[in-house]
Amino acid sequence: MSTDQRSDRTVAGHRLVVAVDGPSSSGKSTVGAEAARRLGYRFCDTGLLYRAVAWLAVERGISPDQTAALVPLAGEVELVADRRGRLRHVEAAGRDVTAEVRGPAVDRAVSDYSKVPELRAALVPRQRALAGDGGIIMAGRDIGTVILPKADVKIYLYASPEERARRRAAQRKVAGNETAASGILEDMRRRDTIDSERETAPLRTAEDAIVVKTDGNTFTQTVATVVRTIRQAEAIRGGDRGR
Ligand code: DC
């Protein structure tokens, strides 16, 4: 099949809504973005919205319990598309803060902000609107359970805390530094606990999600699994519609 035919096939109506959930550093963003590129889908990293709000709140000295001051910050953050239509950048108060929001200060603070129900409620419609009529991979914690419960494909990316801490340490270029690495693992466990035990939209595996275990897999292998899963679902959808 030529590339043109392939895109005709997807434009014809098999472009799916795909939810990818999982804990921090499970690879949702990198794997999701690369899978989207290969499939010609849009990609959206919803964690950036929570990170940008947390960053703004810290900058302005607003704590998680100051709900009335916190919630309006949701209106000041915006996801920005790159030239491939991937929503992997975020602006806060009109400035690109993508690099800042991925730093350790936001890592430490963000879970305490993202458990505030009123803030989550303010961000729900914005995420739903981004899904549009499909052809999108949306990554987060509650995409398959709360934001897009009717998603065509739900993937839960699993990696052990140790594996995720190793990846984060490599990203931060502190892989050989034992103190830094064990600090990252400890932080990761603390955030996992807050994200999974919060009352509103906790991180959990949707009943109809496909769990993709990534420990010991290369990035390329995980991307291939995700792409294959989505293509299989596209084919099934295509078959259903043809009947
Ligand atoms: O995926 P991440 O590490 O960039 O997420 C940052 C924080 O945002 C994390 O505390 C979980 C929260 N989050 C969330 O609660 N719901 C989402 N859909 C995405 C992220």
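Keep in mind that the numbers below use all heavy atoms, side chains included, and drop hydrogens, waters and symmetry copies. Counting starts at 1 for both ligands and their atoms, in listed order.
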Side chains of [X] and [Y]: is there a donor and an acceptor less than 3.5 Å apart?
| X | Y | result |
| --- | --- | --- |
| T214 | R167 | yes |
| Q66 | S63 | yes |
| R191 | S111 | no |

Item to complete: Rounded to the nearest 0.5 Å, what's the gap from CG on L56 to CZ on R60? Could you check?
Response: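 It comes to 4.5 Å.
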Worksheet entry | Contact with ligand 1 for K28, non-hydrogen, under 4.0 angstrom |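 The answer is yes, since K28 has a heavy atom less than 4.0 Å from ligand 1.
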Discussion item. I'd like to know whether ligand 1 has K115 as a neighbour, heavy-atom separation below 4.0 Å.
Written reply: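 It does not; every heavy atom stays at 4.0 Å or beyond.
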I need the nearest protein heavy-atom contact for [atom]: residue, atom name and distance, please.
| atom | value |
| --- | --- |
| atom 1 (O) of ligand 1 | R141 NH1, 2.7 Å |
| atom 4 (O) of ligand 1 | R51 NE, 2.7 Å |
| atom 16 (N) of ligand 1 | R120 NH2, 3.1 Å |
| atom 7 (C) of ligand 1 | V110 CG2, 3.6 Å |
| atom 8 (O) of ligand 1 | Y50 CB, 3.4 Å |
| atom 19 (C) of ligand 1 | T46 OG1, 3.4 Å |
| atom 10 (O) of ligand 1 | S111 OG, 2.9 Å |
| atom 12 (C) of ligand 1 | S114 OG, 3.5 Å |

Worksheet item: Which atoms of ligand 1 have any heavy atom of S24 under 4.0 Å away?
Response: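 That gives atoms 3 (O) of ligand 1.
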Discussion item. Taking 4.0 angstrom as the limit and counting only heavy atoms of G47, give me the atoms of ligand 1 inside it, by number and element.
Written reply: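 Taking each heavy atom of G47 in turn, ligand 1 has 4 (O), 5 (O), 19 (C), 20 (C) under 4.0 Å.
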Below 4.5 Å, heavy atoms only, C-beta onward: do [X] and [Y] meet side chain to side chain?
| X | Y | value |
| --- | --- | --- |
| W55 | V90 | no |
| L70 | Y113 | yes |
| P23 | M188 | no |
| Q127 | L49 | yes |

Discussion item. Counting only heavy atoms not in D133 (residues, nucleotides, ligands), do more than 12 fall under 6.0 Å from its CG?
Written reply: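 Open: at most 12 neighbouring heavy atoms sit under 6.0 Å from CG of D133.
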Discussion item. More than 12 heavy atoms of other residues, nucleotides or ligands under 6.0 Å from CD of E186: yes or no?
Written reply: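 Open.
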Side chain or backbone, does [X] bring an N or O within less than 3.5 Å of an N or O on ligand 1?
| X | value |
| --- | --- |
| D142 | yes |
| D195 | yes |
| R198 | yes |

Worksheet item: Side chain, backbone, both or neither: which part of R168 has a heavy atom under 4.0 Å from ligand 1?
Response: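 Answer for R168: neither.
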